Amino acid sequence: MVETDKRLQVFNTLTRQKEFFEPLNPPHVGMYVCGPTVYGDAHLGHARPAVTFDMIYRYLNFLGYKTRYVRNITDVGHLENDADEGEDKVERKARLEQLEPMEVAQYYSNRYHYNMDQLNVLRPSIEPLASGHIIEQQELVKKILSNGYAYEINGSIYFDVEKYSKDYHYGELSGRKLEEMIPFTRELEGKSEKRSPYDFALWKKAQPTHIMRWPSTWSEGFPGWHLECSAMGSKYLGKVFDIHGGGMDLIFPHHEAEIAQSIAAHGHQPVKYWLHNNMVTINGQKMGKSLGNFITLNEIFAGNHPQLEKAYSPMIIRFFILQAHYRSTLDFSNDALQAAEKALKRLLEAYHQIDKIPAAETSSVNIHEIRQACFDGMNDDFNSSIVLANLFEAVKMINNTLIGTETLTQDDIGLLKKTFDDFLFEILGLANESSSDNSNLVNELINFLLELREEARNRKDWSTSDRIRNRLLKMGIEVKDTKDGPIWKIL
RNA sequence: GGUCUCGUGGCCGAGUGGCUAGGCACAGGUCUGCAAAACCUCGUACAGCGGUUCGAAUCCGCUCGAGACCUCCA
């Protein structure tokens, strides 16, 4: 498969170690990633898994796998807490904005898609809605019930964790033991109809005020949160599939519950490799909805937030995310984004210089080594940070060949360009953001002004040349003089 | 309280038991009427204290500090 001679290794949360990636049915790969609950705008914390698993999806495809990528949209409102009472999140939003719940879901789905497109995140192969798979979820509940791992109370169905624990290991993904979880039960005794505090809902009977509800044999109600991923994952990828991804904060209880549900229903593990991205932090603390310290992508792209000194484009955000390894926390700050902006610019400008490199008889640097290092980085649990570091080495090479301190053959120049095309654009998905949608008229006008300015400069008429440059700058057009003549750009 | 992770030079951020990523900033230089930009060059850092080892930032222990999960959260 392709040129890489080393095999891909991935860190599996389930086994807590790196494992060689071997798909169940090569060349096919099934990957499921938890998508957003659509009741608010996407923030940086949503961008991280989207970009991370987009990179993984891209790399798997690059390696020649046929990947089916499923990422759900959670549009069934779920309760504010799993402990039962409380308002549905989507309904609450709908009430506040005086909309139909599905209107809320649609609205934020659209905005999510728009943001992801901006980030150059490829659309998944299938994007199922939880509300469109109520039947499948009910079927799963029935199966778990008939296998004896769930019980019904007042029209609601709960997963019987204690019963399950006798036969299987509840907590294997998050590294917990049930005994350790028992002492620290929250103060919800008496209030809940659940037998044990760590049981979770498979089906909830709807309160009279609850709008999002569906008929079932047990009650008019709605499915439990953990159920949709189990139901949709097995529907589209099979009862066991290769990769399941999501944020680390979903490991418990969400993914733990998914495993339990699937095993209770089908008797075996649903997923071979569990992959989890780490959190985005701000001031060292997790950026999250409940803490209210999140910054939405729209705010970042517009520079419209007190924490931001300026706007940062989607590609800067993508670069910023990929500069860290996906399993490390990533700390947000203005300085970090500014550094990312400059770094990305340097990378892209060097890329555009590749065509100007004069071919030499021999190469003084080894492009194959860099290319291989990029593969090695990706193969080592998708270490995009290593890939970027090597691309920056390539930047140095490009610039050095341009000033004549290094040389490259025509073949190596081609390989260099291919390496950027493959890794920077295709795998890391960092697209060129050109703001050159100016009309021809503007171009011609500016070029004419610069022509006049050049004539003035040749006469050493500095006052005229500076006047032109300053006036243009006032209009937001920056002029820079280079050896090859002036260049300009709209700020 | 339980489980777990992390602590790298001014900032961000990789990493392996010995060959000391990368980016940003700073500094020096090239270029240049000036300016700006661009480019080149440049930093032996790894919380503290012990231990293992020929050798540890990388392994072990302790201390200090930060954080995550245990309730919804990507």
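Quick note on labels: first sequence line is chain A, next is B, and so on, each numbered from 1. Basis for what follows: all heavy atoms, side chains included, without hydrogens, waters or symmetry-related copies. Everything quoted here is computed from the prediction, not taken from an experiment.
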Can you tell me, in whole Å, how much space there is between the P of B:rG17 and that of B:rG7? 15 Å

State the pairing partner of B:rC34; accept Watson-Crick or G-U wobble contacts with both distances under 3.5 Å, and report none otherwise. none

Main chain of A:Asn400, side chain of A:Thr405: is a donor-acceptor contact present, judged purely on distance under 3.5 Å? yes

Whether A:Glu127 side chain and A:Asn72 backbone form a donor-acceptor pair below 3.5 Å: no

Under a 3.5 Å cut-off for both contacts, is B:rG61 paired Watson-Crick or G-U wobble with anything, and if yes, with which nucleotide? B:rC49

Using the P atom as the point on both nucleotides, what is the distance between B:rU32 and B:rC46, in whole Å? 43 Å

When you measure from the side chain of A:Asn400, which nucleotide among B:rA74, B:rC72, B:rC40 comes out closest? B:rC40

Please report the distance, rounded to the nearest Å, between CZ in A:Arg16 and C1' in B:rU5. 10 Å

When the P atoms of B:rC39 and B:rA45 are considered, how many whole Å apart are they? 28 Å

Indicate whether any N or O donor in one side chain lies under 3.5 Å from an N or O acceptor in the other, for A:Lys93 and A:Tyr107. no

Select one nucleotide: of B:rA14, B:rG33, B:rC12, the one nearest the side-chain heavy atoms of A:Asp331. B:rC12

Considering only side-chain heavy atoms of A:Gln285, which listed nucleotide, B:rU71, B:rA21, B:rG67, is closest? B:rG67

For atom NE2 of A:His325 and atom P of B:rU16, their distance in whole Å: 10 Å

Across every strand shown, the nucleotide meeting Watson-Crick or G-U wobble geometry with B:rC26 (both distances under 3.5 Å) is none

Specify the separation, in whole Å, of atom OH of A:Tyr326 and atom P of B:rU5. 16 Å

With ring-ring contact (aromatic ring centres under 6.0 Å, His included) as the criterion, how do A:Phe159 and A:Tyr164 come out once you've worked through the C-alpha distance, each side chain's angles and the decisive distance to 0.1 Å? CA-CA 8 Å; A:Phe159 190 87; A:Tyr164 176 84; 5.5 Å; yes

Give one of base, sugar-phosphate or nothing for A:Leu44, where a contact means two heavy atoms less than 4.0 Å apart. nothing

Length of the line joining A:Arg457:CZ and B:rA35:P, which is rounded to integer Å: 13 Å

Under 4.0 Å between any heavy atoms, over every strand shown, what does A:Thr281 touch: base, sugar-phosphate, or nothing? Just pick one. nothing

For the C1' atoms, the ones on B:rG13 and on B:rA57, what distance do you get once it is rounded to whole angstrom? 15 Å

Nearest-angstrom distance from the residue atom CD1 of A:Ile282 to P of B:rA68: 13 Å

Determine the Euclidean distance between corresponding C1' atoms of B:rU16 and B:rC59; express it in Å to zero decimal places. 13 Å

Classify A:Asp466 by what it touches in the nucleic acid, base, sugar-phosphate, or nothing, heavy-atom distance under 4.0 Å. base

Take A:His46 and A:Lys286, find for each the nucleotide of RNA chain B with the closest heavy atom, and name the residue whose nucleotide sits nearer the 5' end. A:Lys286

I need the CZ-P distance between A:Arg467 and B:rA35, as an integer number of Å. 22 Å

Picking from A:Asp75, A:Val90, A:Val76, what satisfies side chain to side chain contact (heavy atoms under 4.5 Å, CB included) with A:Pro101? A:Val90

Base of B:rA35 paired with side chain of A:Arg469 (donor-acceptor, under 3.5 Å): yes

Under 4.0 Å from OP1 or OP2 of B:rA14: is there any side-chain N or O of A:Ser328 that close? yes

Nearest whole Å is fine: how far is B:rG13 P from A:Ile321 CD1? 13 Å

Classify A:Gly175 by what it touches in the nucleic acid, base, sugar-phosphate, or nothing, heavy-atom distance under 4.0 Å. sugar-phosphate

From the options B:rA14, B:rG13, B:rC40, select the nucleotide whose nearest atom is closest to the side chain of A:Asn399. B:rC40

Taking donor-acceptor contacts at under 3.5 Å, does the side chain of A:Asn334 reach the base of B:rC11? no

Any Lys/Arg nitrogen of A:Arg457 or A:Asp466 sitting under 4.0 Å from an Asp/Glu carboxylate oxygen of the other? no

Would you say the side-chain atoms of A:Glu299 pair up with the backbone N or O of A:Thr296, donor to acceptor, closer than 3.5 Å? yes

Which one, B:rC39, B:rU71, B:rA74, comes nearest to the side chain of A:Val280? B:rA74

Charged N to carboxylate O under 4.0 angstrom, A:Lys18 versus A:Asp381? no

Span that lies between the P atom of B:rU8 and that of B:rA14, in whole angstrom: 11 Å

Should the pair A:Glu341-A:Lys310 be classified as a salt bridge under the 4.0 Å nitrogen-to-oxygen rule? yes

Could you tell me how far B:rC19 sits from B:rA56 if I compare only their C1' atoms? Round to whole Å. 15 Å

5'-most by nearest nucleotide on RNA chain B - A:Met397 or A:Phe332: A:Phe332

Counting side-chain heavy atoms from C-beta on, which of B:rC39, B:rA14, B:rC70 comes nearest to A:Ile403? B:rC39

When all nucleic acid strands are considered with a 4.0 Å heavy-atom cut-off, which category describes A:Met248: base, sugar-phosphate, or nothing? nothing

Distance only, no hydrogens: is a donor on one side chain within 3.5 Å (strictly under) of an acceptor on the other, for A:Glu455 and A:Asn458? no

Less than 3.5 Å between a donor and an acceptor, one on the side chain of A:Thr52 and one on the base of B:rA74, is that the case here? no

Going by atom types alone, do A:Asp331 and A:Thr281 pair a side-chain donor with an acceptor below 3.5 Å? yes

Taking protein heavy atoms under 4.0 Å as touching, what does nucleotides 22-30 of chain B look like 5' to 3' if B marks base contact, S marks sugar-phosphate-only contact and - marks none? SSSS-----

Spacing between A:Leu330 atom CG and B:rC11 atom P, to the nearest angstrom: 17 Å

Separation of the C1' atoms in B:rU52 and B:rU58, to the nearest angstrom: 14 Å

Closer than 4.0 Å, any side-chain N/O of A:Lys345 to the OP1 or OP2 of B:rA38? yes

Pairing partner of B:rA68 (Watson-Crick or G-U wobble, both distances under 3.5 Å): B:rU3

